[in-house]
Each structure stands twice: as C-alpha cells, then as structure tokens.
Amino acid sequence: MPELPEVEVVRRGAATFAAGRTIATAEVHHPRAVRRHVAGGADLAARLAGVTITGAERRGKFLWLALSADGEPAAEALLVHLGMSGQLLVQPPTAPAEKHLRVRLAFADSGPDLRFVDQRTFGGLSVEPLVAGHGGRQVPQSVAHIALDPLEAGFDADAFGAALRRRRTGVKRALLDQTLISGIGNIYADEALWRAKLHFARPTETLRAAEVERVLAGAVEVMSAALEAGGTSFDSLYVNVNGESGYFDRSLHVYGREGLECARCGSAIRRDAFMNRSSFSCPRCQPRPRRAHW
DNA sequence: ATGAGGACCTGCTCGC
DNA sequence: TGCGAGCAGGTCCTCA
C-alpha cells in the first residue's frame, strides 16, 4: 500500500490486534513473499513459532513487529514491506484462504490470524535482528539505511534541507529517495509539490530555503490529513487490517486528476510520464523551470 | 560516489 | 469476444 499514511493505518491495526500475543505457527504460502529472509521460508516459520509480538513500529513505509522470546527484550523483528499491493489482514482462523494469501500467522490464543496478502508480490516478510538505525533508533537490519520520516520524532528539517540542496537531481526524484526522507511516494510527492507550487523537475540545487520549507510543510500537511482520513485508496487493494478503505482520495488536488480543474487557479491538471510512472501537476501553479531535471 | 534505468509481479482497463 | 498495450500507490540492483 502504500505510502506513509496507509502504512501507519496498518501499523495501528497491527498494534491493536497483535501486541502481546504469541505466535503458534507461521505458514508460508509463496516463496517470493519471504525472499528477503535469506535463510528461507522454513527458517522464518521456525523463528516465529512460539515468540511473542511486543509491539508494532514504523519508519517511512517500513513496518515491523518486535518479537520477544522467553520474556526477553526484543532483539529481533518481523519486518513487513507492503510493496505495491500488500495487505495485513486480521481474519478468523476459519476464514477461507484469500486468493493472494502469502503468509498466515496463527496465534496460541486461537484468536484471529494475521494474514499477509499481496497480489503483485513486491512486498514481503523477513525476520531480522534489530540494529542501530538513523537517529539512533533500533530498527530491523534492512531498514538501517532508511532516513527518518517527517512525522517521526527527531526528524531534522534543517539537515534535510541541506542534504536536499546538495543533490543534483529533480526535486521529485529526491522526495522519492527513501535514504533522504522516508515515507513519501508518488501520490504524496505530487501533492506536496502542488502545495509548494513547485514543478517536479526543478533542480534541487536551485531550491531556495523557503521553497524547501514549503515542500516539506506540504508533505507533512498532506500526509497528516490523509492519516486522519484513514489513508488514501482508490480501490480495495488499499485497506486497513479490517479490510476497510480510507477516503482521502476525495481530498487529493492533483494525483489522478488529469484534465480536471486545479482547485487554486482552475487550470486543467496535466499528466507527464516521469520515472516510468505518472506525475500530475498544475501547468499554471507549477510552471516548468527553464532548467529542468527529469 | 551518485544518479538513472530497468527488473521484479499480477490484474485491470482500454482500444482495435 | 479476444488480445495486446498500457497502467498501477515501491524498492532494489546494476551500470554509467
């Protein structure tokens, strides 16, 4: 699912339904879903059996469940990448297997399962040691290189601005780089740029401090608002742990709105092919810079 | 060392 | 009705 607000919706659900519960068994239904777990699916299942989930955490679009064995503080975590189409669902053990069920966690209390369902299999699960990540926080090993997200305590806006302006690329590419700032994807990058009145191909090295502040504020505002609304979803692929969709798509200003009126100036929203995907922007509010960095 | 491009998947919609 | 093309909210690896 996912960008930061949608992953946070899932994290909250996972915390509510899974924290404090002990895993009985893990069934791996598709090898690709555990490809990041280097030791393989059987090892992942063995590591999960009998351990207790102590909490659900998130950085950017990465979600993990802290695992404790024998009452010890968590030293490992079950990392969950939702990828493009991953879902974490709470389901009764008796519910039939979903078409794209990849991994099923059953609990010792015989209560609801936690199921990882993923149509496109870009997402996946892995059990990893917790290590020191950016900002001194304990994170799963493969999250160590991911930058803090802008809704996270300790996010340093000044350091982000300086790093952004050291880049030699377009501002949208930079916003999508999870090692610079995490949690922003294609929807919220476009929305943040619209709010900041910046074109996606604007070279990062030409950004002024005030423009950096605007785009960061735009990202924080749009993602916070989306979170309030339960996340953005256009279809049943993006849902919370109970299978329910958020309704923030009604509040989007540019994403998916080609040809519709800009809420600020009334111009027709345009769509450009960019980075093998689409970028939506207002031709009048976000004019193309003389020097563009696609 | 950075930055850009392609690879990795399934399924849906559109046009012919 | 069938079929290919194009598209979808992400990340990673490789190559320049």
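Just so it is clear: chains get the letters A, B, ... in the order the sequence lines come, proteins before strands, and each one is counted from 1. In what follows, every heavy atom counts, from backbone to side chain, and hydrogens, waters and symmetry copies are set aside.
Proximity note for A:Arg271 (side chain, C-beta onward) versus C:dA8, C:dG10, C:dC13: the nearest is C:dA8. The side chain of A:Arg120 sits closest to B:dT10 out of B:dT10, C:dG10, B:dG3. Set against C:dC12, C:dC7, C:dG10, the side chain of A:Phe62 has C:dC12 as its closest nucleotide. With C:dG9, B:dC8, C:dC7 as the candidates, the nucleotide lying closest to the side chain of A:Phe122 is B:dC8. Relative to the side chain of A:Tyr238, the nucleotides C:dC13, C:dG9, B:dG3 differ in distance, and C:dG9 lies closest. Closest approach to the A:Ser278 side chain among B:dG11, C:dA8, C:dT11 is made by C:dA8 (side chain taken as heavy atoms from C-beta onward). Nearest to the side chain of A:Thr121, among B:dC9, B:dG11, C:dG9, sits B:dC9. Of the listed nucleotides (C:dG9, B:dT10, C:dG10), C:dG9 has the atom at the smallest distance from the side chain of A:Glu6. The side chain of A:Arg173 has B:dG5 as its nearest neighbour among B:dG3, B:dG5, C:dA8. Of the candidates C:dG9, B:dA4, B:dG11, the closest approach to any side-chain atom of A:Gln119 belongs to B:dG11.
When the C1' atom of C:dA8 is taken as reference, atom CZ of A:Arg257 falls 19 Å away, rounded to whole Å. Rounded to whole angstrom, the span from the CZ atom of A:Phe274 across to the C1' atom of B:dA4 amounts to 10 Å. In this entry the distance linking CG of A:Asn276 with C1' of B:dA4 reads 10 Å, nearest Å. If you measure from atom CG of A:Leu176 to atom P of C:dG9, you get 10 Å, rounded to the nearest angstrom. A straight line from CG of A:Asp118 to C1' of C:dT11 spans 13 Å, rounded to a whole angstrom. Atom CG in A:Asn186 sits about 13 Å away from atom P in C:dC7, given to the nearest Å.
Contact check, A:Arg168 against B:dA1: no side-chain N or O comes under 4.0 Å of OP1 or OP2. The phosphate of B:dG11 (OP1 or OP2) has a side-chain N or O of A:His100 nearer than 4.0 angstrom. Using a 4.0 Å cut-off, no side-chain N or O of A:Ser85 falls inside it from OP1 or OP2 of B:dT10. In this model, the phosphate group of B:dG11 is approached by a side-chain N or O of A:Lys99 to a distance below 4.0 Å at OP1 or OP2. Close to B:dA4, at under 4.0 Å from its OP1 or OP2, lies a side-chain N or O of A:His293. Between A:His145 and C:dC12, a side-chain N or O to OP1/OP2 separation shorter than 4.0 Å is present.
Donor-acceptor pairing under 3.5 Å, judged by distance alone, is present between the side chain of A:Arg277 and the base of C:dG10.
Using modelled atom types and a 3.5 Å distance limit, the side chains of A:Tyr238 and A:Glu3 yield no donor-acceptor pair. Donor-acceptor pairing under 3.5 Å is recorded for the side chains of A:Ser85 and A:Asp118. A donor-acceptor pair shorter than 3.5 Å cannot be found between the side chains of A:Thr204 and A:Arg165. Side-chain contact check for A:Arg202 and A:Thr206: at least one donor-acceptor pair (N or O, by modelled atom type) lies under 3.5 Å.
Remark: the separation of the P atoms in B:dA7 and C:dA5 is 16 Å, to the nearest Å. Between C:dG6 and B:dG6, the distance separating the two P atoms is 15 Å to the nearest Å. Taking the C1' atom of each, C:dG9 and B:dG3 are spaced 23 Å apart, rounded to whole Å. Taking the P atom of each, B:dA1 and C:dT11 are spaced 23 Å apart, rounded to whole Å.
C:dG9 is unpaired under the Watson-Crick or G-U wobble criterion, no partner having all donor-acceptor distances under 3.5 Å. Partner assigned to B:dC9 is none, using Watson-Crick or G-U wobble distances below 3.5 angstrom.
If you look at A:Tyr255 and A:Trp194, their ring centroids are not closer than 6.0 Å.
Within 4.0 Å (heavy atoms only), A:Arg35 reaches no atom of the nucleic acid at all. Counting any heavy atom pair closer than 4.0 Å across all strands shown, A:His30 reaches no nucleic acid atom. Nucleic acid contact for A:Ser233: base, since at least one base atom lies under 4.0 Å from a heavy atom of the residue. Using a 4.0 Å heavy-atom cutoff across all strands shown, A:Arg167 reaches sugar-phosphate atoms only and no base atom.
Each of A:Trp294 and A:Arg32 was assigned the nucleotide of DNA chain B with the nearest heavy atom; the assignment lying further toward the 5' end belongs to A:Trp294.
Note on A:Arg104 versus A:Asp113: salt bridge recorded, some NZ/NE/NH1/NH2 to OD/OE distance being below 4.0 Å. Comment: A:Arg36 does not engage A:Glu128 in a salt bridge, judged by the lack of any side-chain N to carboxylate O separation of less than 4.0 angstrom.
The nearest pair of heavy atoms linking A:Val117 to A:Leu89 is CG2-CD1, 3.9 Å.
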